[in-house]
Number of protein chains: 2
Amino acid sequence: MSGRTPEGDALTALVLPAFALNGEFLAAAAMITAPHELTPAQWQVLGAVLDGPLPVSEIARRIGLTRQSVQRVANDVAGRGWAEWSDNPRHRRAKLLVPTERGREAIGAIVVEQQEWADAVGARFTAEDLRALTELAGRVVAASRAYRNATRTGPPSGPGADPGPAAARSGA
Amino acid sequence: MSGRTPEGDALTALVLPAFALNGEFLAAAAMITAPHELTPAQWQVLGAVLDGPLPVSEIARRIGLTRQSVQRVANDVAGRGWAEWSDNPRHRRAKLLVPTERGREAIGAIVVEQQEWADAVGARFTAEDLRALTELAGRVVAASRAYRNATRTGPPSGPGADPGPAAARSGA
DNA sequence: GTCATTTTGACAGCATGCTGACATAATGAC
DNA sequence: GTCATTATGTCAGCATGCTGTCAAAATGAC
C-alpha cells in the first residue's frame with residue numbers, strides 16, 4: 001500500500017473511495033428499510049414487482065442477481081406477508097410474485113424516503129459534480145475490466161447459458 | 001427511480017457508480033488472489049500480519065472488521081497452512097497470528113500483482129482525476145452520513161465498548 | 001488482595017451473495 | 001410425435017459480514 005507511482009498512490013485513490021461509498025450507501029439503505037421491517041435485499045426484490053407480477057428468474061435478471069439468491073429472498077418476502085405467489089397462466093412452473101397491499105404500502109414509503117435521501121445528498125453537489133462522479137467511476141470500471149480481460153489466463157469463457165451475474169460479485 | 005430533482009436523477013448518479021466500482025474491485029481482487037488459492041478476505045487478514053504477529057482483535061481493528069469475522073478467517077488461514085498461532089508472552093489468551101513462509105510468499109506475490117493492477121488502472125487517469133474521485137467520494141460519504149445522523153430516530157448511541165465496525169456494513 | 005470493569009477469544013445463528021447439481025417444464029428442430 | 005436444448009425452480013453448500021452471548025484473562029480502583 002505504498003505510494004510509489006507517478007500518479008500518487010493509485011491503489012489507495014481507487015479502492016478506498018469505492019469501499020467508503022459502498023459502505024455508506026449500504027448503511028443508508030439499511031437505515032431506510034429497517035423501520036419498515038424490510039431488509040435492503042427484500043426491498044429490492046419487492047420493488048421489482050411493484051409494476052406487475054414477475055417470476056423469480058425475471059426478477060433476478062432485472063436486479064442483477066442469480067435466480068437462487070432472488071428465490072430465497074422472494075420466499076422470505078412471501079412468507080412474511082409482503083407478497084404472494086400467483087399462478088402463471090402461461091407457465092405451469094413459473095409462479096408469479098405479486099406484492100400484497102401491505103407490501104405495496106411499505107415499498108411506497110421506502111421509495112419516498114430513499115428519494116429524500118438521494119435528494120438531500122444530491123443537493124450538496126452540482127450537476128457537474130454528479131456527472132463527473134458517474135463518468136469517473138465508469139472509466140475506472142472500464143479500465144479495471146480491460147485489465148482483467150487482458151490478464152485472465154483461462155479460455156475466454158464459452159457461451160454458457162446460466163452464468164449471468166457472476167464475476168462482478170465473486171468476492172464478497 | 002425517476003429523475004425529478006433539479007440535479008438530475010441524483011439516486012442513479014450516486015448509487016450506480018458506487019455499486020459498479022465496488023463490484024469491479026471485488027472481481028479484480030478475486031482474480032488476483034484466486035490463483036494463489038487465497039480469497040480476498042484471507043489475503044486481507046494475512047496481509048495484516050506481514051509486518052509482525054498480531055492477535056485477532058488487533059487485526060480486526062486494523063482492517064476494520066469485527067473480531068468475530070476476523071477470527072473465522074484467521075482460523076481458516078491457519079488451518080490451511082498459511083499462518084500459525086504462536087503464544088503471546090504478554091497475554092495468555094491472545095495468541096498471535098504469524099504467517100508461515102508459504103503464506104508470506106503468497107502474500108508477497110499478491111501484493112505485487114495488486115499493485116500492478118492499481119498502476120495499470122491508475123495510469124489511465126490524471127493525478128487530478130484520482131484526486132477528484134477521492135474528493136467527490138469523500139464528500140458524498142460525508143453528506144450521506146450527515147443525513148443519517150440528522151434523520152436517525154433512536155438515542156445517539158451511547159458509548160458502547162464493542163460496536164466498532166457496525167453501521168457501515170450492516171446491509172450486505 | 002479483592003472485586004468490578006474492560007478486553008479478548010470463542011461459539012451460535014442470521015443475512016446475502018455465489019456456485020454446483022438436478023429435475024421438470026417449455027421450446028424448437030426434425 | 002419425438003427428442004435435444006433451453007429455461008426454471010429448487011436443494012445443498014460455501015464465503016463473508018454482522019450481532020448476540022459467554023467465559024476467561026487482564027486491568028484498575030479500593
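Worth saying up front: this structure is predicted, and the values here are computed from it rather than measured.
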>> Could you walk me through whether Gln115(B) and Asp119(B) satisfy the side chain to side chain donor-acceptor pair (under 3.5 Å) test, starting with their C-alpha distance in whole Å, then the side-chain angles of each, then the deciding distance to 0.1 Å, before giving a yes or no?
In response: CA-CA 6 Å; Gln115(B) 188 64 50; Asp119(B) 288 347; 3.0 Å; yes
Between atom [atom1] in [X] and atom [atom2] in [N], what is the gap in whole Å?
X: Leu54(A); N: dA7(D); atom1: CG; atom2: C1'; result: 16 Å
X: Arg62(B); N: dT8(C); atom1: CZ; atom2: C1'; result: 16 Å
X: Phe19(B); N: dT16(C); atom1: CZ; atom2: C1'; result: 12 Å
X: Arg80(B); N: dC14(D); atom1: CZ; atom2: P; result: 11 Å
X: Asn22(A); N: dG17(D); atom1: CG; atom2: C1'; result: 13 Å
X: Leu65(B); N: dT19(D); atom1: CG; atom2: C1'; result: 14 Å
X: Leu97(B); N: dT8(C); atom1: CG; atom2: C1'; result: 15 Å
X: Asp76(B); N: dT16(D); atom1: CG; atom2: C1'; result: 11 Å

Given [options], the nucleotide with the shortest approach to the side chain of [X]:
X: Val73(A); options: dG17(C), dT16(D), dC18(D); result: dG17(C)
X: Ala41(A); options: dG17(C), dA15(D), dC18(D); result: dG17(C)
X: His91(A); options: dT8(D), dT16(C), dA26(C); result: dA26(C)

> Touch check for Ser69(B), heavy atoms < 4.0 angstrom, all strands: base, sugar-phosphate only, or nothing?
Replying inline: base
>> Would you say Thr100(B) and Trp82(B) are linked by a side-chain donor-acceptor pair, where the criterion is simply a distance under 3.5 Å?
In response: no
> Between His36(B) and Glu105(B), is any side-chain donor less than 3.5 angstrom from a side-chain acceptor?
Replying inline: no
>> Is there a continuous path of hydrophobic side-chain contacts, each under 4.5 Å between heavy atoms, that joins Leu96(A) to Val56(A)?
In response: no
>> Applying a strict under-4.5 Å side-chain criterion to I, L, V, M, F, W and Y, I'd like to know whether Ile63(B) and Trp43(B) cluster together.
In response: yes
> Is the distance from OP1 or OP2 of dT16(C) to the nearest side-chain N or O of Thr39(A) less than 4.0 Å?
Replying inline: yes
> Is the closest side-chain heavy-atom distance between Tyr147(A) and Met31(B) below 4.5 Å?
Replying inline: yes
>> For Glu58(B), give me all partners under side-chain contact (heavy atoms from CB on, under 4.5 Å), at least two apart in sequence or on another chain.
In response: Leu54(B), Pro55(B), Arg61(B), Arg62(B)
List, with names and distances, any nitrogen or oxygen atoms from the protein found under 3.5 Å away from nitrogen or oxygen atoms belonging to nucleotides 9-13 of chain D.
unit_1	atom_1	unit_2	atom_2	d
dG9(D)	OP2	Ser57(A)	N	2.9
dG9(D)	OP2	Ser57(A)	OG	3.2
dG9(D)	O4'	Arg93(A)	NH2	3.4
dG9(D)	N7	Arg67(A)	NE	3.1
dG9(D)	N7	Arg67(A)	NH2	2.9
dG9(D)	O6	Arg67(A)	NH2	2.8
dT10(D)	OP2	Gln71(A)	NE2	3.1
dT10(D)	O5'	Gln71(A)	NE2	3.3
dT10(D)	O4	Arg67(A)	NH2	3.3
dG13(D)	O6	Arg72(A)	NH2	3.4

